[in-house]
Peer 1: 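Take a look at the following structure, please.
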Amino acid sequence: MRVRFAPSPTGFLHIGNARTAIINYLIAKKYGADYILRVEDTDMERSTKESEKSIMEDLKWLGIEWSEGPDVGGDCGPYRQSERFDIYKTYSEKLIADGKAYYCYCSSEEIEDMRADAAATGRTSTYNGRCRNLSEADRQKFISEGRKPTIRFRIEENQQIIIDDLIKDKVIFNSDNIGGDFIIVRSDGVPVYNYIVVIDDLLMKVTHVIRGEDHLSNTPKQILIAEALGFERPVYAHMALVMGDDKKKLSKRHGITSVALYREEGYLSEALVNYISMLGWASASGEEILKLEDIISQIDLDNLAKSAAVFDFKKLKWMNANYIRAYDENLIYKMLLPFLEKAGFKIESYDEAYLKKVILFSRNYCELLSDIGRHAEIFLTNELEVDGETADLLKSEPGQIIIKCAGDVLDQLNDDNYADDFVNVVKDRTGLKGKNLFMPCRAVISGRMHGPDLADTMKILGRGKCAERIKYFGGKYLAK
RNA sequence: GUCCCCUUCGUUUAGUGGUCUAGGACAUCGGGUUUUCAUCUCGACAACAGGGGUUCGAACCCCCUAGGGGAUGCCA
């Protein structure tokens with residue numbers, strides 16, 4: 001079994017394509033198939049090397065490995081379509097020689113007119129077939145006019161094309177309904193996707209074509225080409241598309257759709273892969289947070305949903321938070337450091353053991369890796385800025401009372417119980433209770449009204465830092 | 001317009017003729033825990049698109065309608 005992922009390098013790897021790449025990967029892993037990466041860069045105007053590079057980086061980040069591709073080579077290369085033009089040319093010539101394709105001298109403008117005419121008359125194919133059976137004289141006339149021909153594939157009338165799709169089951173097309181003779185080679189000699197995909201899949205020995213359902217209506221064309229060339233066709237599996245919350249095909253206006261942006265925002269690749277796998281699929285047990293190997297063992301083409309799924313950013317976030325909390329300590333620590341730096345913290349200025357303790361504690365409060373700064377701040381910044389509400393609290397009567405005695409209380413407690421007993425001793429000392437007790441205690445240590453458990457916070461900070469905090473806030477907010 | 005695909009809670013799914021007064025997860029709302037927020041936990045709300053068949057019986061099979069999506073490119 002051999003599968004492929006064939007992106008066109010015209011932008012970033014997008015969630016929809018990532019899903020195709022991921023499903024192909026999961027299936028490949030499940031069945032021990034080869035995974036081919038093929039770059040479909042025949043749109044010369046839009047294809048860029050940078051895009052190719054970033055797509056490969058994103059795939060790697062997702063954990064996808066390919067056994068053949070433009071970077072690693074393989075027996076069926078080259079793996080960029082732009083490097084295979086000679087191959088395609090041989091087949092084009094063969095199709096023309098066999099009468100299965102022909103030169104078309106119609107200009108783009110003339111095609112435009114035909115399109116309008118087809119719409120007006122209700123004709124199902126845009127092309128009106130003018131060059132289908134051109135006389136040699138007409139041909140010479142067009143050539144002398146300097147027209148550069150395209151090559152069109154000749155579609156036989158009233159042919160039934162049956163696709164036994166692994167996801168959609170049986171889909172039947174009639175050759176009269178697929179748009180008429182279509183262009184397989186442009187007038188500049190560059191062949192077109194719908195045509196060369198067939199050649200590449202055959203030459204690269206792809207057995208299973210797993211792709212988005214937007215390609216389903218291209219499939220009859222490809223099958224016809226395969227037949228004309230005498231090729232055996234691959235098995236097809238067309239996956240339902242991923243939609244935005246307005247049920248339109250997921251695109252930029254729905255928010256972040258490029259994989260690279262997810263990485264930057266602090267999503268874990270494992271969470272993204274897990275979530276994307278669950279789009280259109282569910283495990284037998286109903287569990288949703290699954291190890292990759294469990295997904296691989298359970299997922300299959302015939303249990304993927306036929307209907308499109310809306311991408312739910314909130315659920316992805318929830319899943320990401322779960323992954324952050326459960327992740328291996330050393331690994332998540334290393335992953336979180338750059339996000340902390342990006343948030344403006346100089347990580348080399350902290351004691352490593354302390355920093356690690358802070359990060360591993362704070363990660364429990366993060367939905368995204370990029371949340372780490374916000375949560376670690378109370379441990380890493382000594383001279384904390386406070387918001388207006390917290391400042392008011394510290395300036396209020398209970399705030400003042402607590403600021404005054406907090407230092408003493410801390411001194412009086414010993415190392416074993418300073419964190420756990422702090423609030424209670426303040427309570428005994430001041431007679432305050434409830435919110436008036438707890439909130440100022442929290443504020444005088446963390447500078448915040450909300451946050452992790454106060455005793456935990458104090459333990460992480462350590463006794464010395466707690467004392468410094470009390471002093472600092474005292475100096476700042478205690479009325480003279 | 002035409003062709004193709006699809007249609008279970010707001011979202012994602014379970015469900016393959018009786019076990020369905022339709023199950024889980026996210027979201028939302030409420031209770032508990034946390035004298036905070038989050039986590040955790042308990043609970044509530046909430047769906048078979050509509051209409052016809054077939055059948056003793058239909059979310060499940062068939063047909064029609066409606067809605068959504070995709071394609072209809074010298075894009076992929």
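Quantities reported herein were computed from a predicted structural model and do not represent experimental measurements. Letters A, B, ... are given to chains in the order of the sequence lines, protein chains preceding strands, and every chain is numbered from 1. Any value given below was found using the heavy atoms of this structure, including those in side chains, with hydrogens, waters and symmetry copies removed.
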Peer 1: Compare the minimum distances between each of B:U12, B:A71, B:U36 and the side chain of A:V310, then state the nucleotide with the smallest one.
Peer 2: B:U12
Peer 1: If we take the C1' atom in both B:G24 and B:A44, what is their distance in whole Å?
Peer 2: 16 Å
Peer 1: With both distances kept under 3.5 Å, what pairs with B:C9, Watson-Crick or G-U wobble?
Peer 2: none
Peer 1: Does A:R115 put a side-chain nitrogen or oxygen below 4.0 Å from OP1 or OP2 of B:G73?
Peer 2: yes
Peer 1: Where along residues 165-177 of chain A does a heavy atom fall under 4.0 Å from RNA chain B?
Peer 2: A:K168, A:V171, A:I172, A:F173, A:N177
Peer 1: In whole Å, measure the gap between the C1' atoms of B:U55 and B:C62 for me.
Peer 2: 12 Å
Peer 1: Could you check which of B:U12, B:C74, B:G70 has an atom nearest any side-chain atom of A:D214?
Peer 2: B:G70
Peer 1: Looking at B:G10, B:C5, B:U35, which one has an atom nearest to any side-chain atom of A:E213?
Peer 2: B:C5
Peer 1: So if I take every side-chain heavy atom of A:K249 and compare against B:A71, B:U36, B:A76, which nucleotide ends up nearest?
Peer 2: B:A71
Peer 1: Could you measure between the two P atoms, the one in B:A47 and the one in B:A59, and give it in whole Å?
Peer 2: 15 Å
Peer 1: Sequence neighbours left out, what passes side-chain contact (heavy atoms from CB on, under 4.5 Å) with A:E50? Give chain and number order.
Peer 2: A:T48
Peer 1: With the side chain of A:N194 defined as its heavy atoms from C-beta on, choose the nearest nucleotide among B:A76, B:A71, B:C75.
Peer 2: B:A76
Peer 1: Can you check whether A:T42 has a side-chain N or O nearer than 4.0 Å to OP1 or OP2 of B:A76?
Peer 2: yes
Peer 1: For B:U35 and A:R442 - does any side-chain N or O of the residue sit under 4.0 Å from the phosphate oxygens OP1/OP2?
Peer 2: no
Peer 1: Across all strands, who's sitting opposite B:C40 as a Watson-Crick or G-U wobble pair, both distances under 3.5 Å?
Peer 2: B:G32
Peer 1: Any side-chain N or O of A:K247 below 4.0 angstrom from OP1/OP2 of B:U11?
Peer 2: yes
Peer 1: Out of B:C74, B:A27, B:U12, which has the shortest distance to the side chain of A:K315?
Peer 2: B:U12
Peer 1: From the list B:G70, B:C37, B:U35, which nucleotide is the closest neighbour of the side chain of A:L437?
Peer 2: B:U35
Peer 1: Please measure how far the P atom in B:C5 lies from the corresponding atom in B:G23, and state the result in whole Å.
Peer 2: 32 Å
Peer 1: Looking only at atom P, what distance separates B:C9 and B:C4, rounded to whole Å?
Peer 2: 26 Å
Peer 1: Students often get this wrong, so: under 4.0 angstrom with heavy atoms, is A:C106 touching a base, only sugar-phosphate, or nothing?
Peer 2: base
Peer 1: Which nucleotide in the set B:U72, B:C74, B:C37 lies at the smallest distance from any side-chain heavy atom of A:H450?
Peer 2: B:C37
Peer 1: Which pairs count as side-chain hydrogen bond (donor to acceptor under 3.5 Å, both in side chains) when at least one residue sits in residues 303-318 of chain A, sequence neighbours excluded?
Peer 2: A:D169-A:K306, A:W281-A:N303, A:E288-A:K315
Peer 1: OP1 or OP2 of B:G73 versus the side-chain N and O atoms of A:R46: is any pair under 4.0 Å?
Peer 2: no
Peer 1: Within a strict 4.5 Å, meaning less than it, do heavy atoms of the A:D387 and A:R448 side chains meet?
Peer 2: no
Peer 1: Which listed nucleotide (B:A76, B:U72, B:A27) is nearest to the side chain of A:W318?
Peer 2: B:A27
Peer 1: If you only use heavy atoms from C-beta on, which nucleotide in B:U13, B:U72, B:C37 is closest to the side chain of A:A305?
Peer 2: B:U13
Peer 1: How far does the P atom of B:U11 sit from the matching atom of B:G68, given to the nearest Å?
Peer 2: 14 Å
Peer 1: So A:M243, base contact, sugar-phosphate only, or nothing? Heavy-atom distance under 4.0 Å.
Peer 2: sugar-phosphate
Peer 1: Ignoring backbone atoms, establish whether A:T126 has a side-chain N or O less than 4.0 Å from OP1 or OP2 of B:G73.
Peer 2: yes
Peer 1: Side-chain contact test, heavy atoms from C-beta onward, threshold under 4.5 Å: evaluate it for A:R130 versus A:C106 and give yes or no.
Peer 2: yes
Peer 1: Distance check: side-chain N/O of A:R211 vs OP1/OP2 of B:A76, anything under 4.0 Å?
Peer 2: no
